[in-house]
Amino acid sequence: MNTAETTVLVTGASSGFGLATVRRFATAGARVIAAARRRDRIAAAAAELGPRVLALPLDVRDPVAVEQAINGLPDEFAQIDVLVNNAGLAKGLEPAHQTDLDHWEQMVDTNCKGLMYCTRAALPGMVARGHGHVVNVGSIAGSYPYPGGNVYGATKAFVHQFSLNLRSDLHGTGVRVTCVEPGLSSGTEFSTVRFDGDQQHADAVYDGTQPLDAADVAEAVYWAASQPAHVNINVIELMPTVQSFAPFQVHRPNAR
Ligand code: NDP
Ligand code: 8X3
């Protein structure tokens, strides 16, 4: 990758993995478009990182806004080489029979539909130019179930399978696709959002342990994008060393 000649669009760039990814590519010399809803956050990132970072206010759930934003980029940023579909969220950790249906809608609208809209808008230019890279941010929750993961994990399973299917569709075009699937990660607003701003509850998720941080995930995204053009990294699954797998749970109603 000739980084100075590379234009990267990162969604969910106002915090966490997205902001760290903007920093990683920007400090390597790339042109970076930082997209998110919170204008003040992305404007601050652009002001800090310089004129090669463009703040793009965007709600990925709005297909018309996505289409207009991607097709209306200023000339210098118009040819997207790397799309990092990172915008996403989890809402709630209740079991399915007690969940708030609006939480499920928000996750599907953002994690699945928003990612679809951005991909659909960016791909024609990549295919026409004969190169490009879509990096989707999935999660270990897309591969391994856990109580309360219900729709969140299902949206990330979508991201995983959509990424693999994109590879099939893009066969022979020169456009690459990677799914980056992190485990427990702090230094982001993920748990604060999941628990509706309950910071104590959010902090407890990471208490007394060393999770991944946003820079770890940004490095994985950057590494995948930095491989030579003939190398496609399909999937990267990364976890903190302190996280691993538990046995299946078995309900024993008559246990003594
Ligand atoms: P953060 O909450 O810190 O970041 C989420 C980002 O997504 C924010 O910048 C937010 O910006 C943006 N976003 C949310 N909704 C929209 C929307 N409708 N339109 C545009 N942007 C939106 O969390 P993380 O950095 O942790 O999460 C980033 C991704 O990583 C998510 O897809 C998440 O599912 C995934 N992930 C997180 C893990 C973790 O443990 N932290 C582990 C594995 C995967 P704004 O509100 O300004 O729009
Ligand atoms: C976030 C990781 O395990 O909290 O995708 O679902 S987890």
Side-chain angles (χ1 to χ4, degrees), residues 6-27 30-74 76-78 80-91 103 105-122 133-139 152 155-156 159 180 182 185-197 199 202 213-222 225:
T6 300
T7 300
V8 185
L9 169 57
V10 181
T11 68
S14 59
S15 73
F17 300 167
L19 181 55
T21 302
V22 170
R23 285 188 198 288
R24 184 64 185 89
F25 280 97
T27 54
R31 276 183 295 266
V32 187
I33 304 152
R37 292 169 301 178
R38 285 171 292 178
R39 292 165 184 261
D40 54 336
R41 297 280 197 98
I42 49 176
E48 178 200 327
L49 294 166
R52 284 171 68 84
V53 174
L54 175 74
L56 182 69
L58 183 64
D59 185 334
V60 297
R61 296 171 299 180
D62 180 341
V64 175
V66 168
E67 178 81 23
Q68 286 175 349
I70 289 182
N71 290 325
L73 287 165
E76 196 196 346
F77 292 89
I80 299 165
D81 300 297
V82 183
L83 168 65
V84 183
N85 276 317
N86 163 76
L89 77 174
K91 292 297 287 180
H103 285 169
E105 304 268 12
Q106 285 185 54
M107 292 188 278
V108 170
D109 288 349
T110 309
N111 304 358
C112 301
K113 295 172 82 174
L115 184 141
M116 283 160 39
Y117 301 149
C118 294
T119 304
R120 183 63 183 83
H133 196 159
V134 179
V135 182
N136 293 327
V137 178
S139 167
Y152 177 69
T155 66
K156 293 304 186 178
V159 173
V180 175
S185 308
S186 67
T188 85
E189 297 176 356
F190 179 82
S191 289
T192 311
V193 171
R194 172 170 245 175
F195 300 122
D196 266 332
Q199 199 55 44
D213 63 26
D216 297 322
V217 176
E219 194 59 37
V221 172
Y222 183 79

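Fair warning: this is a prediction, and the values are worked out from it, not measured in the lab.
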Do you know which two heavy atoms are closest between F77 and R52, and how far apart they sit? CE2-O, 3.4 Å

Does atom CZ (R38) have a neighbourhood of more than 12 heavy atoms from anything else shown, all under 6.0 Å? yes

Is a side-chain N or O of T11 found less than 3.5 angstrom from the main chain of A87, in a donor-acceptor match? yes

Can you find a side-chain donor-acceptor pair between S14 and R41 that sits under 3.5 Å? no

Check whether any side-chain N or O of K113 sits under 3.5 Å from a backbone N or O of V108 as a donor-acceptor pair, and report yes or no. no

Nearest 0.5 angstrom please: E219 CD to T21 OG1, how far? 10.0 Å

Please check: side-chain N/O of K156 versus main-chain N/O of V137, any donor-acceptor pairing under 3.5 Å? yes

Between the CG atom in L56 and the CD1 atom in I70, the distance rounded to the nearest 0.5 Å is 8.0 Å

Taking all heavy atoms of A13 and all of V22, pick out the closest pair and write down the distance. CB-CG2, 3.7 Å

Are the side chain of T110 and the backbone N or O of M107 linked by a donor-acceptor pair below 3.5 Å? no

Start with the C-alpha distance between F25 and T6, add both sets of side-chain angles, then the distance that settles side-chain contact (heavy atoms from CB on, under 4.5 Å), and finish with yes or no. CA-CA 9 Å; F25 280 97; T6 300; 5.5 Å; no

Considering all heavy atoms, the nearest A214-T188 contact: CB-CG2, 4.4 Å

I need the minimum non-hydrogen distance between A20 and A215, along with the two atoms involved. CB-N, 4.1 Å

Where P182 and G138 come nearest, the two heavy atoms and their spacing: CD-O, 3.5 Å

Intermediate values then yes/no, side-chain contact (heavy atoms from CB on, under 4.5 Å), L54 and L73: CA-CA 10 Å; L54 175 74; L73 287 165; 4.0 Å; yes

Would you mind reporting whether M116 and V66 have side-chain heavy atoms less than 4.5 Å apart? no

May I ask you to decide if G114's main-chain N or O and D109's side chain share a donor-acceptor pair within less than 3.5 Å? no

Applying side-chain contact (heavy atoms from CB on, under 4.5 Å) to R61 and R37, what does each step give before you reach the verdict? CA-CA 10 Å; R61 296 171 299 180; R37 292 169 301 178; 3.4 Å; yes

Would you say F17 and V84 make side-chain contact, with heavy atoms under 4.5 Å? no

Spatial distance of atom CG (N86) from atom CG (L9) [nearest 0.5 Å]: 10.5 Å

With rounding to the nearest 0.5 Å, note down the distance linking CD in E76 to OG1 in T7. 7.5 Å

What's the shortest heavy-atom distance between S185 and V217, and which atoms? OG-CG2, 4.3 Å

Q199 vs T192, test: side-chain contact (heavy atoms from CB on, under 4.5 Å). Steps then yes/no. CA-CA 6 Å; Q199 199 55 44; T192 311; 3.1 Å; yes

Going by heavy atoms in the side chains, are V193 and K91 under 4.5 Å from each other? yes

What distance separates I42 CD1 from L49 CG, expressed to the nearest 0.5 Å? 12.5 Å

How long is the straight-line distance from OG1 of T119 back to CG of N136, given to the nearest 0.5 Å? 5.5 Å

